[in-house]
There are 2 protein chains.
Amino acid sequence: MPKNCNFVEKLREVGLRPTKQRIKMCEVLYNREKTFHFTINDLVKMISEKMNEKISLATVYNTVHAFEKKGYLKEISIDSQKSYFDTNTSAHHHFFDEDTHELIDCDESDIDKINIKKNITGKKINSVEVLVRVASDNQTQK
Amino acid sequence: MPKNCNFVEKLREVGLRPTKQRIKMCEVLYNREKTFHFTINDLVKMISEKMNEKISLATVYNTVHAFEKKGYLKEISIDSQKSYFDTNTSAHHHFFDEDTHELIDCDESDIDKINIKKNITGKKINSVEVLVRVASDNQTQK
DNA sequence: CAATAGTTTAGAATTATTATAATGTAGATT
DNA sequence: AATCTACATTATAATAATTCTAAACTATTG
């Protein structure tokens, strides 16, 4: 979703009603220079900080999942009990900083094309994701 | 951990007391031909099915985490709310079947060595994991 | 502008996991 | 082999993330 676009139209295009709450969430998520990563908790905080009115937690969950289903958000797998989401929905990989629990984008160009020699009969590949775990250089790792 | 090994000695070697519960869990996890994947829930079921006595849920969690810390188990990242564990602790990648929620091993030899061109200053790479999501070939994917 | 189908909401319910604190036990010391 | 002590186990409570529920609300259709 590009910057400053008409969120009302965007939402309507994919069959989501442009409600006040969804438009607010679009503004928080997409009215910015760069894509970013967040947890639901992060998002709730951002909304309550930047907006004068609050959005119910259930709505935040609903809307994030609706956006994910429509391809406006991507979920990122980390071995945490939390879900991370990414407003960058293009194919790309991630670094995960185990010290800070921060996710960092890794362009496709930063990793050579991955060639998978094995295949599962009757199954097609939906995605290939690389997760590079990093941690501080100068101390013992977990 | 090889098959039929002396679990008492193995546990002692890394500084874990060979308790009745830990030995039982070793038997369930390692007395078998092949390595496998499981969730805590799977494991609890397996224990109560195969054993005549039960092990407390808290102990299962504690022991799985103790084994993980000692390198007897590896945790696998999936965008689920559950944690998956793998008795294959060698470096390898995974397929995740989105239909059945099954994890399938993928040898290092099945994927060419991954070369990461980007690096994060002050951080060292702990691991590089590839997750290949697959789903049924003949229907619409999520 | 009324009907209706989709949305929002607060709060309850659920699920996975961790914390607590009392009891039990392995291994060392006598 | 009795005792000590640190580590383990246990049932249960607590926490945290997420989903469910059912009533109130609202965007769109007719």
Side-chain angles (χ1 to χ4, degrees), chain A residues 6-28 37-48 51-70 72-73 75-85 101 142, chain B residues 6-28 37-48 51-70 72-73 75-85 101 142:
Chain A
N6 186 345
F7 295 128
V8 174
E9 278 315 310
K10 279 281 171 194
L11 288 166
R12 238 194 285 267
E13 272 167 26
V14 294
L16 291 175
R17 284 191 185 168
T19 61
K20 206 171 44 174
Q21 291 84 346
R22 285 174 178 166
I23 294 164
K24 285 274 176 214
M25 280 180 62
C26 281
E27 285 167 7
V28 173
H37 307 106
F38 63 92
T39 65
I40 296 286
N41 203 4
D42 296 338
L43 184 54
V44 168
K45 256 191 218 140
M46 290 169 58
I47 293 168
S48 70
M51 302 289 148
N52 37 3
E53 70 198 291
K54 80 179 273 286
I55 299 179
S56 152
L57 182 61
T59 303
V60 176
Y61 272 98
N62 288 343
T63 304
V64 163
H65 287 134
F67 284 6
E68 192 201 353
K69 199 183 295 177
K70 299 303 182 181
Y72 288 171
L73 287 174
E75 194 175 359
I76 309 297
S77 338
I78 306 287
D79 71 335
S80 166
Q81 48 278 34
K82 278 182 201 164
S83 285
Y84 287 75
F85 293 90
H101 280 209
K142 73 154 193 183
Chain B
N6 186 344
F7 295 129
V8 174
E9 277 316 308
K10 278 283 173 194
L11 287 167
R12 240 194 286 267
E13 271 167 26
V14 294
L16 291 175
R17 283 192 185 167
T19 62
K20 207 172 44 176
Q21 292 84 348
R22 285 175 179 165
I23 293 162
K24 285 276 174 211
M25 281 181 60
C26 280
E27 285 167 5
V28 173
H37 306 106
F38 63 92
T39 64
I40 296 285
N41 203 5
D42 297 338
L43 184 55
V44 168
K45 259 191 216 138
M46 292 169 58
I47 293 167
S48 70
M51 302 289 148
N52 36 4
E53 70 197 293
K54 76 179 277 286
I55 299 179
S56 152
L57 181 62
T59 302
V60 176
Y61 271 99
N62 287 343
T63 305
V64 163
H65 287 134
F67 284 6
E68 192 203 352
K69 200 183 294 180
K70 299 304 183 180
Y72 288 172
L73 288 174
E75 193 173 1
I76 311 296
S77 337
I78 306 287
D79 71 332
S80 165
Q81 48 278 33
K82 280 181 199 166
S83 284
Y84 287 75
F85 292 90
H101 278 209
K142 75 154 194 181

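Lettering follows sequence order; numbering is per chain, from 1.
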Is any side-chain N or O of A:Arg12 closer than 4.0 Å to OP1 or OP2 of D:dT28? yes

Students should find this one: the first and last nucleotides of DNA chain C, 5' to 3', lying under 4.0 Å from a heavy atom of chain B. What are they? C:dA16 to C:dG27

B:Arg22 side chain N/O closer than 4.0 Å to the phosphate oxygens (OP1, OP2) of D:dA8? yes

For the pair A:Val64 and A:Met25, evaluate side chain to side chain contact (heavy atoms under 4.5 Å, CB included) and give the outcome as yes or no after the intermediate values. CA-CA 9 Å; A:Val64 163; A:Met25 280 180 62; 3.9 Å; yes

Under-4.0 Å side-chain N/O to phosphate OP1/OP2 contact, A:His65 with D:dT19: yes

Check the distance between D:dC7's P and B:Lys69's NZ and give it to me in whole angstrom. 12 Å

Integer-rounded Å distance: D:dT15 P and B:Tyr61 OH: 17 Å

Work out which heavy atom in B:Ala66 is nearest to a heavy atom in B:Leu16; give both atom names and the distance. CB-CD2, 4.1 Å

What is the nucleic acid contact for A:Leu57, judged by heavy atoms within less than 4.0 Å: base, sugar-phosphate only, or nothing? base

side-chain hydrogen bond (donor to acceptor under 3.5 Å, both in side chains), that's the test. Do A:Asp42 and A:Thr39 meet it? Break it down for me. CA-CA 5 Å; A:Asp42 296 338; A:Thr39 65; 3.1 Å; yes

Taken in chain and number order and not counting sequence neighbours, the residues that satisfy ring-ring contact (aromatic ring centres under 6.0 Å, His included) with B:Phe38 are B:Phe36, B:Phe85

Comparing B:Thr19 with A:Thr19, nearest DNA chain D nucleotide closer to 5' gives the residue B:Thr19

Would you say A:Gln21 places a side-chain N or O within less than 4.0 Å of OP1 or OP2 belonging to D:dT26? no

Per nearest nucleotide of DNA chain D, the residue lying toward the 5' end, A:Leu16 or B:Ser56, is B:Ser56

Of B:Arg17 and B:Ile40, the one whose closest DNA chain C nucleotide lies more 5': B:Ile40

Does A:Thr63 offer a backbone N or O that forms a donor-acceptor pair with the side chain of A:Arg22 under 3.5 Å? no

Interatomic distance where NZ belongs to A:Lys20 and C1' belongs to D:dA24 [whole Å]: 13 Å

Rounded to whole Å, please give me the gap between NZ in B:Lys24 and C1' in D:dA8. 17 Å

